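Remarks on the structure that follows.
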Amino acid sequence: MELSQRIGKLSKIWWLPLITGLLSIGLGVWTLCEPSESLTVFAYAFAAIMLVAGIAQLLHCRFLACLGAPWGWTLVLAILDIIAAVWLFTLPASLLATTFVYIIAVWILVVAINSVVEACAMTSSSPIALTLMILLLIVTISCAIVFLSNPVISGITAWLWLGLSLLTFGIYRLILAYKIKTITDFKFRP
């Protein structure tokens with residue numbers, strides 16, 4: 001398949017990272033605005049969103065396979081999202097809050113590291129956008145590490161790190177969606 005055809009197909013799926021970005025930003029804002037909300041409610045909402053994101057990642061994986069682009073890691077992340085979501089839905093409420101705290105911290109860390117690779121694959125993108133995307137992901141990874149190092153800290157601090165992680169990841173995904181939509185010279189690197 002010719003590169004211009006691949007680029008055309010890739011630019012048609014720009015809405016997939018847009019959806020995950022908007023969902024992440026929405027959760028981040030909600031986390032920062034409503035820190036007193038029940039962790040159980042947030043866990044169920046996150047599980048539902050993870051399930052939708054996992055299914056969207058499966059679609060993204062299918063498009064990448066059609067393009068001849070690397071898709072294995074995307075498939076692994078999609079399956080992990082779906083498994084984690086189903087697992088959260090099946091846990092009793094007494095275990096849900098504690099398990100959720102660890103799942104979300106690890107999830108943010110894994111998807112942010114994967115997104116660094118995603119951003120680096122767009123080396124032909126504008127250097128400013130690429131730098132901004134990488135910086136947002138570094139902030140996301142840093143916040144997730146702080147959150148994971150002591151996820152049961154009291155009060156607003158845990159919600160602050162979680163909310164900031166979700167916001168920076170969501171902003172990254174919006175920039176990625178825009179870059180995919182406006183792509184003109186994209187080269188896949190093995």
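Computed from a prediction, not measured in an experiment: that's the story for all the values here.
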Would you kindly confirm whether [X] and [Y] end up in one hydrophobic cluster when ILVMFWY residues are joined by side chain heavy atoms under 4.5 Å apart?
| X | Y | answer |
| --- | --- | --- |
| Met50 | Val106 | yes |
| Val139 | Ile141 | no |
| Leu166 | Leu22 | yes |
| Ile25 | Leu135 | no |
| Tyr178 | Ile134 | no |

Can you tell if the side chain of [X] reaches within under 4.5 Å of the side chain of [Y], non-hydrogen atoms only?
| X | Y | result |
| --- | --- | --- |
| Trp15 | Ile19 | yes |
| Phe46 | Leu27 | yes |
| Leu18 | Leu174 | yes |
| Ile82 | Leu51 | yes |
| Ile180 | Pro17 | yes |

For [X] and [Y], which heavy atoms make the closest approach, and how far apart are they?
| X | Y | answer |
| --- | --- | --- |
| Ala47 | Ala85 | O-CB, 3.2 Å |
| Ala78 | Gly54 | CB-O, 3.5 Å |
| Tyr44 | Leu91 | OH-O, 4.0 Å |
| Ser24 | Phe169 | OG-CD2, 3.5 Å |

[atom2] on [Y] to [atom1] on [X], rounded to 0.5 Å:
| X | Y | atom1 | atom2 | result |
| --- | --- | --- | --- | --- |
| Leu75 | Leu80 | CG | CG | 9.5 Å |
| Asp81 | Ile49 | CG | CD1 | 11.5 Å |
| Leu16 | Cys61 | CG | SG | 11.5 Å |
| Trp87 | Leu95 | CH2 | CG | 9.0 Å |

How would you list, by chain and number, every residue that makes a side-chain hydrogen bond (donor to acceptor under 3.5 Å, both in side chains) with Thr20, sequence neighbours excluded?
-> Arg173
